[in-house]
Amino acid sequence: MLVDSNGYRYTQKVDKRRSNVNWRCCVRNKNVTCMASVLERGDKFIKGRQDHICETGSSLEEWFSQQSDLQSEEENICLPLATFDKLEVEEISEEIEYMHLPVATSHGKEMLIDTKGYRYTQKADKRRAKISWRCCVRNKYIMCKATVIDKNGKLTRGRQDHICVPTQSVKEMTKKLKKDALSEESKKDSVNQILDKAEACMDTFDFEMAQKHCQAALEIEPDNVRVLETTGNLLVEIGDVEGAKKCFGRAVSICPDSGYTKYMYLGQVFEGQQAIDCFHKGIDIMLSEKKQKANKTSEISVLNNAIASAYCSIAEMYLTDSCFEDKAETQCHENLESALQYNPNNPEAYQLMASYFLSTQSNQHAKEMIKKSIALWLPKLKEIESSKPVGGEFDPVEVCPLSYLSRISAVKILIEVEEFDVAEEILQMLLEEDDEVIQVWYLLGWLHCLQDTEENKSYARYFLQKAKKLSQKVDDDSYVSMTSHIDELLENVGPGDGDTEDWLQKSLERAKKNEDDVSSDDESSGEEEENMEH
């Protein structure tokens with residue numbers, strides 16, 4: 001840009017037919033088109049024929065002050081000012097120094113910058129033993145032919161002078177590079193803080209706020225692997241599986257051979273063999289990390305748990321999506337054995353092993369495996385709820401290593417192997433966590449139907465009626481088979497006690513009253529015996 005002493009501003013237009021540069025007034029819009037111009041011929045500026053028909057802008061001193069403020073605040077490149085008062089360009093006699101920047105261009109090539117702020121890119125001259133550095137300003141508006149010749153390490157200016165605007169000097173460039181390095185570190189810190197907030201929001205199921213935090217992090221560092229993984233995990237939570245695949249896929253393309261977490265997430269969103277391949281890739285990375293951390297016991301323990309979980313995920317794939325694959329049973333059993341090898345106290349592995357034995361009609365082995373699984377988490381969960389300490393140490397934050405849905409799956413296995421008491425105990429605990437889950441009420445009704453007594457039928461009616469009432473509030477096709485089975489079970493048990501909403505409460509009150517009566521009868525009989533003795 002060109003600014004004159006009156007405050008008018010001009011932009012450059014090269015006239016290729018003549019050896020001059022035409023500067024046109026900046027005011028060109030639908031309301032005013034100012035035709036005023038300035039001609040640049042060599043070192044001189046000459047006012048054009050047309051006068052200004054627009055209003056003047058800031059004066060030269062004011063404009064220069066504004067540009068200086070912008071440069072300090074926003075690190076913008078400060079443009080040189082040319083005025084009509086100074087027509088001759090003075091020759092600067094100071095010695096020019098140069099600095100090499102190893103990877104400075106957009107293509108990752110070397111760049112040369114001098115003390116005036118001009119930049120050069122390298123062009124090798126194969127005909128001679130020298131290297132020519134050309135000015136970077138080469139576009140459709142300006143083709144600067146200034147050069148620097150490198151002869152055996154000695155840099156000298158070429159014949160052509162610069163016709164372009166310099167950017168930053170060596171000192172300014174060095175200062176900016178240091179500042180950029182510091183800003184990159186602060187940027188990473190700010191991104192990590194934003195992601196911590198996003199994860200905290202996800203923990204409290206505030207997905208809307210978590211989405212805002214992830215969007216802010218993506219705007220700062222769109223190719224940050226942690227940003228992509230956190231965003232992908234959020235998208236899985238809100239049901240956008242395709243969006244999650246894109247985020248995790250981008251993370252893999254950026255960093256394919258380190259960081260196993262993204263492969264675990266991809267294994268969850270993909271299906272079949274594709275998911276299994278993702279889990280295997282994650283396991284390979286974890287095994288590699290484990291070798292590098294041979295002396296760090298705590299980190300190795302975390303990796304062992306993650307490896308075991310990955311093997312459990314593969315085994316579950318062979319029990320569900322890939323159950324018709326060749327040797328699916330063998331693959332499932334081998335992966336579960338591998339999981340227990342890395343973490344012998346993994347309740348998920350024992351529960352999946354019980355499912356495996358049920359699929360092979362080995363109910364006794366299934367009962368043994370599910371009992372081992374339950375023993376690893378149920379006593380600890382009961383301890384928390386009853387506040388009565390039991391033996392062994394555990395993490396109070398991670399009360400139960402199995403999710404709500406995994407515990408429902410455990411109940412189904414317990415019902416299959418006829419461990420009704422433990423199954424009912426777990427279901428009652430699940431109701432205390434969330435009493436709006438249809439499947440929990442349905443399973444309570446079903447297990448009481450299987451224990452074919454009049455008292456159990458009453459309980460079955462009550463629980464099944466609750467499940468049916470909840471299912472009527474939900475418009476979801478996935479509950480169709482469950483509701484039809486509920487109707488079938490209610491028809492089998494027939495009408496009777498348990499049909500009313502307050503039946504269970506009244507039943508419990510009657511039972512408590514009977515207990516009080518029995519205890520009072522025992523006390524009175526004891527007093528009569530004492531009187532007879534006296």
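Please read all numbers here as calculations on a predicted model, not as lab measurements.
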Nearest non-hydrogen partners of I149 and S132, listed with the distance: CD1-OG, 4.2 Å
I285 to P256 - nearest heavy-atom pair and separation: CD1-O, 4.0 Å
CA sep, side-chain torsions, deciding dist, call: Q122, L112, side chain to side chain contact (heavy atoms under 4.5 Å, CB included): CA-CA 8 Å; Q122 192 181 84; L112 187 72; over 6 Å; no
Heavy-atom neighbours of K212 NZ exceed 12 at 6.0 Å: no
Test side chain to side chain contact (heavy atoms under 4.5 Å, CB included) applied to Y479 and V474, step by step: CA-CA 9 Å; Y479 292 109; V474 180; 3.9 Å; yes
Sub-4.5 Å side-chain heavy-atom contact between K290 and I300: yes
Heavy atoms from other residues, nucleotides or ligands near NZ of K293 exceed 12 (cutoff 6.0 Å): yes
Inter-residue atom distance L402.CG - R407.CZ, 0.5 Å rounding: 7.5 Å
Pairing of E199 and R226 as salt bridge, 4.0 angstrom limit: yes
F270 and D321: CA distance, side-chain angles, deciding distance, side chain to side chain contact (heavy atoms under 4.5 Å, CB included) verdict: CA-CA 11 Å; F270 281 125; D321 293 358; over 6 Å; no
Member of K281, Q273, H280 meeting the side chain to side chain donor-acceptor pair (under 3.5 Å) criterion with D277: Q273
Residue pair E329 / Y318, side-chain heavy-atom distance below 4.5 Å: no
D4 CG to H52 NE2 distance, which is reported to the nearest 0.5 Å: 5.5 Å
Beyond-backbone contact of H213 with M209, side-chain heavy atoms, under 4.5 angstrom: yes
T230 side-chain N/O to V227 backbone N/O, donor-acceptor pair under 3.5 Å: no
Check: L430 main-chain N/O paired with Y404 side-chain donor or acceptor under 3.5 Å: yes
E229 backbone acceptor or donor facing N233 side chain under 3.5 Å: no
Nearest non-hydrogen partners of T320 and C323, listed with the distance: O-SG, 3.2 Å
Short side-chain to backbone donor-acceptor contact, K262 and C255, under 3.5 Å: yes
Nearest heavy-atom neighbours spanning A244 and L235: N-CD1, 3.6 Å
Any donor-acceptor pair under 3.5 Å from T231 side chain to L228 backbone: no
Y311 to A339 - nearest heavy-atom pair and separation: CB-CB, 3.8 Å
CE on M317 to SG on C312, rounded to 0.5 Å: 14.0 Å
Q160 side chain near T147 side chain, heavy-atom distance below 4.5 Å: no
Atom of M264, atom of G282 and distance for their closest heavy-atom approach: CE-CA, 3.5 Å
Pairwise distance CD(E237) to CE(M202) - rounded to 0.5 angstrom: 5.0 Å
Minimum side-chain heavy-atom gap L39-N22 below 4.5 Å: yes
Approximate separation, where rounding is to 0.5 Å, of I307 CD1 and D284 CG: 10.0 Å
Y118 and H162 aromatic ring geometry - parallel, tilted or perpendicular at 30°/60° bounds: parallel
Side-chain H-bond candidate by donor/acceptor type, N305 with N343, under 3.5 Å: yes
CD/E433: more than 12 non-hydrogen atoms of other groups inside 6.0 Å: yes
Side chains of Q274 and L266 in contact at under 4.5 Å (non-hydrogen atoms): no
Gap between atom CG of N29 and atom SG of C54 - 0.5 Å precision: 9.5 Å
Expected output: side-chain Q351 to main-chain S406 donor-acceptor under 3.5 Å: yes
M482 atom CE: more than 12 heavy-atom contacts under 6.0 Å: yes
Check: L2 and F45 side chains under 4.5 Å, non-hydrogen atoms: yes
D114 vs L155 side-chain heavy atoms within contact, under 4.5 Å: no
